[in-house]
Student: 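Structure provided below as structure tokens; questions to follow.
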Amino acid sequence: MLSSSQIKILTITILVLISSCKGKEHEYHNLMHKIEAESVSYVRDSIQNQNLFDVNDLVAIDENDIHFYIQERKSNIQSYACSECHNKPVEQLHKEGLGKKAHWDITIKHADTKTMSCLSCHNSQNMNNLKSITGDPIDFNKSYKLCSQCHNSQVKDWVGGAHGKNISGWKSARVSKLCVECHNPHQPQIAKRWPSRYNATMVNERK
Ligand code: HEC
Ligand code: HEC
Ligand code: HEC
Ligand code: HEC
């Protein structure tokens with residue numbers, strides 16, 4: 001049996017312990033408690049690559065059983081929707097155009113001029129879509145389908161992830177750059193660049 005003074009001491013000790021815990025909410029009794037309380041629980045799928053992108057801005061691509069995404073394109077095309085002006089065939093716009101060129105800043109340096117004219121890829125009757133060689137509409141978001149008619153091997157490489165650029169990292173869903181984000185369809189050759197740093201040693205060696 002405990003004596004009354006022993007009970008008193010015990011009660012005081014318990015009270016002190018309780019109040020000390022209550023008063024200092026962010027101090028822990030040992031390191032393990034602190035780690036458990038303060039670490040964010042690591043659930044593998046809580047870190048989603050898709051979070052880097054707004055899912056509404058992604059377009060799903062399914063080719064040869066390979067699934068990946070590209071970023072929505074149309075909202076980045078300055079003069080889209082084309083139908084704001086192209087509400088009649090181009091021939092008629094030409095006549096009404098008073099001889100002025102609406103797209104004076106666009107010239108084609110792509111293949112041979114006999115192979116390629118504006119209307120090889122664009123549809124005079126339906127400017128809001130691209131046009132396949134057989135005259136079928138191709139959505140601007142899927143312009144790789146236009147390119148694949150003549151550059152099938154590059155498109156196959158791109159679908160496999162070997163040509164172009166993955167912008168989402170390697171985990172889970174892949175987001176790739178679309179062809180036209182690197183190659184201007186009107187002048188697809190990638191411009192030559194100078195090295196980013198002037199190489200004085202090489203210049204001296206050449207002397
Ligand atoms: C602000 C008005 C306007 C918008 C927007 C516009 N166009 Fe045009 N476009 C014209 C006019 C006017 C002509 C005809 C006169 C000319 O050839 O410049 C024309 C001509 C063209 C031609 C034929 C050029 C030629 O030399 O035969 C193509 C191809 C074309 N547009 C594509 C597009 C596409 C694709 C879009 C949308 C991404 C677009 N345009 C948006 C006004 C516009
Ligand atoms: C090889 C196919 C091809 C040819 C040839 C071509 N275009 Fe295009 N054009 C495209 C594609 C693909 C796009 C969409 C590019 C993008 O997504 O940024 C485009 C975009 C455009 C746009 C919208 C550009 C912007 O940023 O607003 C206009 C205008 C246009 N083309 C006019 C023309 C005219 C005029 C010609 C002829 C001088 C022409 N195109 C020839 C494939 C072509
Ligand atoms: C109607 C056929 C056709 C279509 C459609 C087409 N191309 Fe081309 N492209 C050619 C030809 C022909 C050449 C020149 C021959 C060569 O270099 O292989 C060429 C050349 C190129 C080159 C090499 C340029 C250089 O000089 O280094 C690139 C890059 C390219 N195209 C990208 C594209 C892209 C991107 C698209 C889709 C927006 C596209 N092409 C659509 C026929 C086409
Ligand atoms: C991340 C940028 C990027 C993307 C996206 C991209 N390319 Fe390229 N592409 C390049 C570079 C860089 C070269 C090499 C250019 C050079 O050697 O001058 C190239 C070369 C090419 C060539 C020339 C022939 C060759 O293989 O060297 C063609 C054709 C071509 N690309 C078509 C395409 C098509 C079609 C797509 C879409 C399916 C595409 N590219 C997507 C960057 C890109």
Side-chain angles (χ1 to χ4, degrees), residues 40-86 103 105-113 115-197:
V40 180
S41 70
Y42 179 73
V43 182
R44 203 174 156 72
D45 279 323
S46 71
I47 304 169
Q48 285 271 338
N49 289 319
Q50 284 98 319
N51 291 348
L52 295 170
F53 301 96
D54 187 338
V55 178
N56 298 321
D57 291 342
L58 296 180
V59 177
I61 306 290
D62 295 293
E63 297 280 342
N64 315 329
D65 283 336
I66 300 178
H67 309 289
F68 61 102
Y69 294 89
I70 54 166
Q71 283 183 287
E72 195 277 334
R73 186 72 196 150
K74 287 182 211 171
S75 57
N76 289 306
I77 301 177
Q78 231 175 3
S79 46
Y80 200 85
C82 317
S83 57
E84 278 173 28
C85 301
H86 288 273
H103 306 296
D105 53 337
I106 296 176
T107 43
I108 324 178
K109 270 195 209 152
H110 191 170
D112 196 281
T113 44
T115 317
M116 209 76 97
S117 76
C118 307
L119 300 183
S120 309
C121 304
H122 296 289
N123 185 347
S124 157
Q125 317 284 327
N126 170 16
M127 270 312 168
N128 281 346
N129 286 302
L130 294 160
K131 186 190 84 174
S132 79
I133 291 168
T134 50
D136 295 312
I138 296 173
D139 195 292
F140 272 94
N141 280 337
K142 299 204 169 168
S143 56
Y144 70 93
K145 290 191 176 188
L146 178 76
C147 320
S148 77
Q149 301 176 107
C150 307
H151 302 294
N152 192 242
S153 69
Q154 284 83 4
V155 173
K156 270 193 192 151
D157 288 349
W158 176 75
V159 168
H163 188 113
K165 190 172 168 65
N166 172 349
I167 48 175
S168 63
W170 294 108
K171 192 185 156 285
S172 81
R174 180 176 114 213
V175 180
S176 277
K177 273 200 174 183
L178 192 59
C179 321
V180 291
E181 290 181 73
C182 296
H183 300 288
N184 176 342
H186 307 127
Q187 303 189 5
Q189 184 165 28
I190 297 210
K192 302 251 179 318
R193 297 176 45 172
W194 289 102
S196 58
R197 199 144 34 113

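Just the heavy atoms: all of them, side chains too, but no hydrogens, waters or symmetry mates, feed the values below.
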Student: So T107 and H186, do their side chains get closer than 4.5 Å, heavy atoms only?
Tutor: no
Student: Contact between H183 and I190 at the side-chain level, heavy atoms closer than 4.5 Å - yes or no?
Tutor: yes
Student: Determine yes or no for a side-chain-to-main-chain donor-acceptor pair under 3.5 angstrom, with E72 supplying the side chain and K74 the backbone.
Tutor: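 Between the backbone of K74 and the side chain of E72 there is a qualifying donor-acceptor contact (under 3.5 Å).
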Student: Taking all atoms of both residues into account, what is the closest heavy-atom pair of I66 and G160, and its distance?
Tutor: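 Heavy atoms of I66 and G160 come nearest at CD1-CA, 4.3 Å.
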Student: Distance from I106 atom CD1 to N184 atom CG, nearest 0.5 Å?
Tutor: 8.0 Å
Student: List the atom of A60, the atom of K142, and the distance in Å for their closest heavy-atom pair.
Tutor: O-NZ, 3.8 Å
Student: Are any non-hydrogen side-chain atoms of S143 and L178 less than 4.5 angstrom apart?
Tutor: yes
Student: Do K145 and D139 come within less than 4.5 Å of each other through their side chains, counting heavy atoms only?
Tutor: no
Student: Could you give the distance from SG (C118) to NE2 (H103), rounded to the nearest 0.5 Å?
Tutor: 8.5 Å
Student: Side-chain contact test, heavy atoms from C-beta onward, threshold under 4.5 Å: evaluate it for I70 versus K177 and give yes or no.
Tutor: no
Student: Heavy-atom distance under 4.5 Å between the side chains of Y144 and I61, does that happen here?
Tutor: yes
Student: For F140 and I77, run side chain to side chain contact (heavy atoms under 4.5 Å, CB included): C-alpha distance rounded to whole Å, both residues' side-chain angles, the deciding distance at 0.1 Å, then the answer.
Tutor: CA-CA 9 Å; F140 272 94; I77 301 177; 3.5 Å; yes
Student: How would you list, by chain and number, every residue that makes a side chain to side chain donor-acceptor pair (under 3.5 Å) with N166, sequence neighbours excluded?
Tutor: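 Applying side chain to side chain donor-acceptor pair (under 3.5 Å) to N166 gives S168.
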Student: Working to the nearest 0.5 angstrom, can you tell me the gap between Q149 CD and S132 OG?
Tutor: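 The distance works out to 5.0 Å.
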Student: Report yes or no: does S148 contribute a side-chain atom to a donor-acceptor pair with the main-chain N or O of N152 at less than 3.5 Å?
Tutor: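 Side chain of S148 to backbone of N152: no pair is present.
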Student: Looking at C82, is its backbone amide N or carbonyl O close enough to the side chain of N128 to form a donor-acceptor pair, meaning the two atoms are under 3.5 Å apart?
Tutor: yes
Student: Without swapping roles, check the side chain of N141 against the backbone of R73 for a donor-acceptor pair under 3.5 Å.
Tutor: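 Checked: pair present.
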Student: To the nearest 0.5 Å, how far apart are SG in C150 and CD1 in I133?
Tutor: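 If I round to the nearest 0.5 Å, the distance is 4.5 Å.
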Student: Which distance, rounded to the nearest 0.5 Å, do you find between the OG of S120 and the NZ of K131?
Tutor: 6.5 Å
Student: With a 3.5 Å distance limit and no angle check, can you tell me whether H110 reaches the backbone of P185 through a side-chain donor-acceptor pair?
Tutor: yes
Student: Apply side chain to side chain contact (heavy atoms under 4.5 Å, CB included) to the pair L58 and V175, showing each step before the final yes or no.
Tutor: CA-CA 8 Å; L58 296 180; V175 180; 4.1 Å; yes
Student: Check whether any side-chain heavy atom of Y69 sits under 4.5 Å from a side-chain heavy atom of S176, and report yes or no.
Tutor: no
Student: I'd like to check the side chain to side chain donor-acceptor pair (under 3.5 Å) partners of S79; sequence neighbours left out, ordered by chain and number.
Tutor: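 Result, side chain to side chain donor-acceptor pair (under 3.5 Å) vs S79: none returned.
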Student: Return the minimal non-hydrogen interatomic distance between P188 and K109, and the atom names on each side.
Tutor: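 Taking P188 first and K109 second, the nearest heavy atoms are CD-O, 3.4 Å.
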Student: Are any of the side-chain heavy atoms of H122 and M127 separated by less than 4.5 Å?
Tutor: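 Sidechains of M127 and H122: in contact.
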Student: How many angstroms lie between atom NE2 of H151 and atom CH2 of W158, to the nearest 0.5 angstrom?
Tutor: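 Between atom NE2 of H151 and atom CH2 of W158 there are 14.0 Å.
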